[in-house]
Amino acid sequence: MAEKRLLLIDGNSVTFKAFFALYTALGKFTNSDGLHTNAVYGFNTMLETMLNTVKPTHALVAFDAGKTTFRTKMYDDYKGGRAKTAPELSEQFPYVKKLLAARGIQTYELPNFEADDIIGTLAKQAEDAGFTTTIVTGDRDLTQLADDHTTVSISKKGVSDIEHYTPAYVQEKMGVTPQQIIDIKGLQGDNSDNYPGVTGVGPKRAVDLVGKYGSIEGIYDHIDDITAKKLKEHLVADHDQALLAKQLATIKRDAPVEKTLDELTYEGDQTEELVAFYQQMNFRTFLSKMSVDGEAPTATPGLKDISYQELTVANLGDLPAFDDGCEFHLEMLGDNYHLANMAGFVIGHNDQWWVSRDVNLLTQAPLKGLLESDKVSKQVFDAKRTYVALHRLGITLAGVDCDLLLGSYLLNTYDNSNDLGRVAMEHGYDQVATDEDVYGKGAKEAIPDDDEVFFSHLARKARALEQLRTPIFEGLKEHEQTQLYHEIELPMAFVLARMEIAGIAVKASELEAMGSKFTEQLAEIEQTIYQEAGEEFNIDSPKQLGHILFEKMGLPVIKKTKTGYSTAVGVLEKVAADAPIAENILTYRKIAKIQSTYVEGLLKVIHPDDHKVHTRYLQTLTQTGRLSSVDPNLQNIPVRTEEGRAIRKAFVPRHPGWQIFSSDYSQIELRVLAHMSHDANMQAAFREGEDIHAATARRIFKMGPDEEVTPNIRRQAKAVNFGIVYGISDFGLSQNIGISRKQAKNFIDTYFEEYPGVKAYTDRMVQQAHELGYVETIAHRRRYLPDINSRNFNQRSFAERTAMNTPIQGSAADIIKIAMIRMEDALKDLQATMLLQVHDELIFEAPAEEIETLAKLVPSVMDSAIDLEIPLKVESHFGPTWYEAK
DNA sequence: GTCATCACG
DNA sequence: ACGTACGTGATGACG
């Protein structure tokens, strides 16, 4: 007998998940009738995945029948207090059902029961009848149904990110058997379903107890074995509640379901109906997939065939001149393009693609000429990556027109990915797979030996570049980001590429000398700590350290983390007065950090040939428009403590006699705020060259002109200024400077009275975010804030703070990027080279005789990068190493 | 892979 | 009543 495979889907839960997974794209998913379709779309994506992997013979989607169920009869407030379902979501349920009908899948609901119970009941029947069952849901509770013949697949973040729970996986992940999930829930209760368990029992204790006694009943049978006094009291007091909660959590396996398994035979797509439905929904990509049904299967379902030619030395001459431009992609496995092997490339246009594994062909005519010509416009994915890699082959890339990665990032920072396939999918183009699909991941990641697989993937990438150029440019135009793209981000990519290639020289001998000194110091402190603790333990383990400090030594617990005692700096500083061990641990930590991250970490990445480190700047990662730096991160080299700062002595110019020169913007974020808010008082302070923190202190503390601003008062005012930039809250400020929440609120109120323009600015940004769903920087960089209208206080508050902060932080990022682009031109007749950017600071190396020139030139380029209502201020330093240049 | 910690602006 | 400062990356521990 053929294998029988049953697919059971929790319709409500999956529709919910799909809706929220595609929530940011809600605006893009509407059909011509104005109906939202994101949940239907997401549901169908998930369904395709499951149909392809499970290949079911039988299938059913269960829905909840209504608000009242046997559970609400047991417990009035079951699922009480839930926010009303958004209308954009409710309107989609009927269409999900229509979709299912068109796909030949039955739907079912049963009065008084939830979808869970229908699924539980049918899964039981299926097991008895020898089926293999797959349950799909977004709700972890259903993992209680996992058994040897039943897998529970939970969609995690996205619609395609699915986790499969077998009994072994449940055990591994949750620490209990599937049957014990209900005991856990009985003890813990369920916030989202709104019923309590036992007071004081959270996930950790619940797993512990159930592990020890097997079940809730087991716990109460051995109640006298429980030594923790409070816990026992709670268990006794909440006995009834625990039993009720367990009952509520238990999925029915014998609901009066009137469907028999035989009726659930999966019919497959009802083609005509489905085409009509897709048309009604405006699902173009799903429609196009239908037309390829029945063709030879490809590596990834849904991809149409693509043709290409393999390029060789013999047919290089056949390449056209590409007068209308071309698409080009250079393939590398691995993120670090300074080192990664180049695996092949594709070039072409007008759906004619040439591919090869031999990247040396690129160095030959006519390819090298094409790549280096700014007359031949090129569409690429990640221009910086491409530029750096081609540079390794002696090719200087020019003529880049559309960088899909960069354009896509500007359109929406939120869902941007480094994978061409994924980015294409974001823009509704589904004819290219992700690298993970084609190359695999982890240890198995590799360029396929099969030419057909590899080359068609390359050709599909190139075609995606061709297809997406227009939509990307149109999107940028719509967002008024054309200038941002052409005049800032695209030129920036090449400036960064050249900085990365230049690298910065690091003296290994200097680091090694520091390292051996630190090793000695660490050994010494380690011994002292062991003596104070009375035993040896791993100081690097917060868990072991917490045990020593707070259990063995009985120090007062200041703060806890999710997993145990906090041993962070603030905590250790508080207990240091009573316990010298805390002081020693702080010293140990400080040195260990410098040692492992900076001494050892940097030594690992010094290039053996040129003795330099070549970081990579990530240009499409941050949500604000800042850069980030990896492999190594050169934007967080220590400076605040003397021991750490010494690391900078190892950063030197590449030639003897040269100097390191650095310039930084002074208070750029507050100046940007003064500009954007037009606040007269704040602007006056900057125009008159005042110390802004002192000026703020005078204002918020209502000081007379002759009163002296003490360092402590200035420190507090500085914290308030920072708080404003971060999107102020009284709580946050009170924590930061150790005052009461009430005092903090006072400071903020006074601040806003004194700087009314700033108050108006913050209100305006929050309001704009509410109305438009995004905020913008000076250069029209955009950040979407989908949580701004969230019903969850925390998420909403966070979005509001972000609405205030992002235009400030992001505009500062715009400004330094403009300065960097102009800087290259300003330096063209000098030997001086720009090496690093650290958010508000630029670092150069130059011959000593150019320092005088730089000291004038660099600040003038930086402070004229943009015309604000107040002046920008730049400070410079230089010296024989980075250590002195500050 | 996730957490806690700590380095920077 | 809710429970927080904004933006990052690297490390070691631990599951």
Side-chain angles (χ1 to χ4, degrees), chain A residues 156 163 172-175 413 442 537-546 559-572 585-586 588-602 604-605 615-618 621-641 643-645 647-648 664-665 667-669 673 719-737 741 744 748 783 790-810 812-813 816 836-841:
Chain A
K156 287 167 70 185
E163 209 172 9
E172 182 196 328
K173 185 97 182 180
M174 316 207 186
T413 54
F537 65 101
N538 186 347
I539 309 172
D540 292 332
S541 161
K543 197 178 158 197
Q544 293 182 34
L545 180 60
K559 203 171 114 191
K560 290 197 128 189
T561 65
K562 271 183 267 184
T563 47
Y565 308 108
S566 168
T567 64
V569 177
V571 174
L572 294 178
I585 290 163
L586 285 168
Y588 174 90
R589 282 243 182 99
K590 186 165 75 179
I591 297 175
K593 172 81 178 180
I594 300 170
Q595 179 78 317
S596 67
T597 305
Y598 298 103
V599 175
E600 289 166 2
L602 280 170
K604 266 185 249 170
V605 291
T615 186
R616 275 155 39 235
Y617 288 103
L618 305 186
L621 180 136
T622 70
Q623 299 301 306
T624 54
R626 274 191 176 180
L627 303 173
S628 85
S629 156
V630 294
D631 266 0
N633 181 355
L634 294 181
Q635 290 182 318
N636 73 346
I637 302 301
V639 69
R640 292 172 192 170
T641 68
E643 295 93 327
R645 191 168 173 172
I647 291 288
R648 296 182 174 219
D664 62 285
Y665 284 110
Q667 310 293 357
I668 187 163
E669 293 192 344
L673 172 62
V720 182
N721 276 330
F722 270 100
I724 297 290
V725 169
Y726 292 157
I728 194 91
S729 79
D730 52 10
F731 183 89
L733 180 63
S734 73
Q735 289 296 297
N736 193 288
I737 51 178
R741 203 168 151 167
I748 295 167
R783 179 175 185 176
S790 166
R791 290 158 298 278
N792 178 315
F793 176 89
N794 266 330
Q795 290 182 357
R796 189 177 61 247
S797 304
F798 182 53
E800 286 173 354
R801 291 198 295 275
T802 314
M804 306 180 215
N805 171 264
T806 295
I808 301 172
Q809 192 182 113
I816 195 164
L836 303 174
Q837 188 249 45
V838 190
H839 308 306
D840 63 357
E841 178 186 9

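Below, read A as the first sequence line, B as the second, and so on, with proteins coming before strands; counting in each chain starts at 1.
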From [atom1] of [X] over to [atom2] of [N], roughly how many Å is that when rounded to an integer?
X: A:Gln635; N: B:dC8; atom1: CD; atom2: P; result: 13 Å
X: A:Leu572; N: B:dC6; atom1: CG; atom2: P; result: 7 Å
X: A:Lys562; N: C:dG15; atom1: NZ; atom2: P; result: 16 Å
X: A:Asn538; N: C:dG15; atom1: CG; atom2: P; result: 13 Å
X: A:Ile668; N: C:dG7; atom1: CD1; atom2: P; result: 18 Å
X: A:Arg741; N: C:dA1; atom1: CZ; atom2: P; result: 11 Å
X: A:Tyr588; N: C:dT11; atom1: OH; atom2: C1'; result: 12 Å
X: A:Leu586; N: B:dA7; atom1: CG; atom2: C1'; result: 15 Å

- request: Kindly say whether, by distance alone, the side chain of A:Ser729 makes a donor-acceptor pair under 3.5 Å with the base of C:dT4?
  value: yes
field: Any donor-acceptor N/O pair under 3.5 Å between B:dT5 base and A:Arg589 side chain
entry: no
- request: Provide the full list of salt bridge (charged side-chain N to carboxylate O under 4.0 Å, His left out) pairs with a residue in residues 560-570 of chain A, sequence neighbours left out, each pair given once.
  value: none
field: Pairwise P distance for B:dC6 and C:dC2, with rounding to whole Å
entry: 29 Å
task: Starting from Watson-Crick (N1-N3 plus N6-O4 or O6-N4) and G-U wobble pairs under 3.5 Å, report the runs of at least three that DNA chain C belongs to.
output: B:1-9 with C:6-14
Please determine if a side-chain N or O atom of [X] lies less than 4.0 Å away from the OP1 or OP2 oxygen of [N].
X: A:Gln544; N: C:dC14; result: yes
X: A:Arg640; N: B:dA7; result: no
X: A:Ser541; N: C:dC14; result: yes
X: A:Ser629; N: C:dT8; result: no

message: Any residue in residues 590-602 of chain A with a heavy atom nearer than 4.0 angstrom to DNA chain B? Just list them by number, or reply none.
response: A:Lys593, A:Tyr598
